[in-house]
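Index from 1, following the sequence.
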Amino acid sequence: MRNGIPNLSALQAFEASARLGSFSRAAEELSLTHSAVYRQVASLEARLGVQLFTRVRRRIVLTDHGAEYAGRIRHHLEQIEKDTFGLVSRTGMGRSIHIAVVPTLATTWLIPRLADFQQAQPDITVSLSVRTLPFQFKDQPFDGALYHSDGVWPGSKGVLLFPERELVPVCAPALAERAREQGSSALSGMTHLHLASRPDAWRQWYGANGHLYGPQAAGGPRYELFTMVMAAVQAGLGVGLMPRFLAQPALDAGSLVMPVPQSLQVSQGYYFGYPQHSERSGALKAFEVWLKTMASREAARAP
């Protein structure tokens with residue numbers, strides 16, 4: 001070990017404790033005991049001469065120095081992971097790529113189709129990690145990213161896989177039927193479900209369709225992910241605005257309905273991108289070709 005560089009195990013214990021906010025949860029993730037993680041962190045603090053956590057009863061809270069150090073250590077550990085993937089690829093033990101993804105598209109669209117890629121490219125391992133905000137590839141351990149945007153990220157190259165086209169209001173059939181029985185207008189009285197990252201979507205839908213956006217529509221709960229909105233809609237908790245391509249299978253099956261036919265046209269789409277100044281690996285090129293094929297099929301199914 002170089003002088004001044006702490007033990008890697010201590011850094012892993014610290015990073016996990018900082019990320020999870022608990023020595024016990026870090027111990028579970030690392031398959032260690034609580035006392036082992038505590039000793040690793042305590043020895044790291046002693047070595048650095050800096051307090052990384054404040055301990056209040058059974059809770060731990062990062063100090064300002066600890067929070068800054070945790071971010072830097074997390075970046076370096078992720079870079080080590082990426083470098084390890086790269087080494088495995090170059091030694092012929094199988095090719096690996098690490099892709100950042102937006103969560104809903106990954107769980108509802110990408111992952112169900114990955115078996116097709118695995119069958120076509122059995123020697124390529126595709127690892128996925130969630131990222132919901134734009135980032136610079138030089139700061140993250142990813143070979144590529146599948147993301148939602150108005151265009152290709154600065155500093156990267158990429159391709160539009162498919163446009164989102166429209167958001168459509170959807171609800172459970174029983175909720176729509178109840179509204180009809182009460183003789184109220186289609187969305188009147190329905191709880192409106194909002195996506196936290198698109199707080200103005202319902203306001204835009206009302207404006208685009210010539211309706212007044214009032215407190216009843218604005219006051220519904222916020223959810224972080226489209227998968228949460230979909231689950232809430234299916235549970236009968238209200239009406240949500242969903243990308244049509246995500247909602248269409250449920251609409252076709254009759255498990256969801258559109259209480260009104262009007263939609264909201266949107267300009268964003270789903271892109272695949274990678275670092276602008278890096279040479280793409282053969283595995284990444286193969287993955288991009290496959291993504292384009294899957295996206296073309298999606299476009300062909302679009303209504």
Side-chain angles (χ1 to χ4, degrees), residues 1-104 106-107 110-111 114 118 123-133 135-146 196 223-225 227-228 231:
M1 182 177 67
R2 294 183 180 181
N3 292 333
I5 299 179
N7 181 279
L8 182 60
S9 297
L11 294 176
Q12 289 177 303
F14 164 63
E15 187 279 329
S17 300
R19 174 167 39 84
L20 299 172
S22 165
F23 291 143
S24 296
R25 293 173 64 189
E28 182 178 353
E29 179 177 288
L30 298 172
S31 299
L32 298 172
T33 64
H34 176 281
S35 59
V37 171
Y38 179 85
R39 287 195 301 271
Q40 291 275 22
V41 174
S43 68
L44 179 62
E45 289 179 315
R47 180 186 180 89
L48 298 174
V50 175
Q51 185 177 5
L52 302 173
F53 293 103
T54 56
R55 297 160 177 81
V56 181
R57 296 179 183 176
R58 296 189 177 184
R59 295 178 60 248
I60 58 172
V61 179
L62 283 164
T63 63
D64 290 342
H65 290 305
E68 180 183 359
Y69 192 52
R72 294 179 181 275
I73 293 303
R74 184 171 302 116
H75 166 74
H76 291 304
L77 290 175
E78 289 176 341
Q79 185 62 48
I80 290 173
E81 182 181 46
K82 180 178 179 180
D83 291 342
T84 302
F85 281 145
L87 177 62
V88 170
S89 298
R90 290 191 295 273
T91 55
M93 296 168 59
R95 297 183 289 169
S96 299
I97 52 175
H98 194 182
I99 307 298
V101 293
V102 285
T104 298
T107 55
L110 176 61
I111 291 176
L114 272 181
Q118 187 177 53
D123 65 323
I124 300 177
T125 298
V126 181
S127 296
L128 305 177
S129 294
V130 169
R131 290 295 185 275
T132 57
L133 298 174
F135 61 83
Q136 293 186 340
F137 282 103
K138 66 182 180 64
D139 297 327
Q140 298 287 338
F142 300 117
D143 300 292
L146 189 58
Y223 296 95
E224 187 174 359
L225 304 175
T227 48
M228 295 179 178

Value for CG (D143) from CD1 (I97), rounded to nearest 0.5 Å, stands at 6.5 Å
Only counting residues at least two apart or in another chain, list the ones meeting side chain to side chain donor-acceptor pair (under 3.5 Å) with S24. none
Once salt bridge (charged side-chain N to carboxylate O under 4.0 Å, His left out) is applied, do any residues pair with E68, and if so which ones, sequence neighbours excluded? R72
Kindly write out the residues that satisfy side chain to side chain contact (heavy atoms under 4.5 Å, CB included) with A36, not counting sequence neighbours, or none if the list is empty. L32, T33, R39
How about E45: does its CD atom have over 12 heavy atoms from other parts shown lying under 6.0 Å from it? yes
What residues form a side chain to side chain contact (heavy atoms under 4.5 Å, CB included) with S43, not counting sequence neighbours? Q40
Closest approach of A10 to L44 (non-hydrogen atoms, all atoms of both residues): O-CD2, 4.1 Å
Do side-chain atoms of T227 reach the backbone of T104 as a donor and acceptor pair under 3.5 angstrom? no
Report the residues that fulfil side chain to side chain contact (heavy atoms under 4.5 Å, CB included) with E224, sequence neighbours left out, ordered by chain and then residue number. M228
Between H34 and Y38, what is the ring plane arrangement, given parallel below 30°, perpendicular above 60°, and tilted in between? parallel
Would you compute the distance between atom OG1 of T63 and atom CG of L52 and round it to the nearest 0.5 angstrom? 6.0 Å
So how far is it from L8 CG to I80 CD1, rounded to the nearest 0.5 Å? 5.5 Å
Q136 meets the side chain to side chain donor-acceptor pair (under 3.5 Å) criterion, sequence neighbours left out, with K138
Going by the salt bridge (Lys or Arg N to Asp or Glu O under 4.0 Å) test, which pairs reach into residues 11-22, not counting sequence neighbours? E15-R19, E15-R74, R19-E29
Derivation and outcome, side chain to side chain contact (heavy atoms under 4.5 Å, CB included), residues Q140 and E78: CA-CA 7 Å; Q140 298 287 338; E78 289 176 341; 3.7 Å; yes
Correct closest heavy-atom pair for I60 and S17 would be CD1-O, 4.1 Å
Which residues share a ring pair (Phe, Tyr, Trp, His ring centres under 6.0 Å) with F53, sequence neighbours left out: F14, F23
Please step through side chain to side chain contact (heavy atoms under 4.5 Å, CB included) for the pair V50 and Y69, ending with a clear verdict. CA-CA 10 Å; V50 175; Y69 192 52; over 6 Å; no
Please give me the minimum heavy-atom distance between A13 and L30, naming the atom from each residue. CA-CD1, 3.7 Å
Quick one: salt bridge (charged side-chain N to carboxylate O under 4.0 Å, His left out) partners of R25, sequence neighbours excluded? none
Applying side chain to side chain contact (heavy atoms under 4.5 Å, CB included), name anything that partners H75, two or more places apart in sequence or on another chain. none
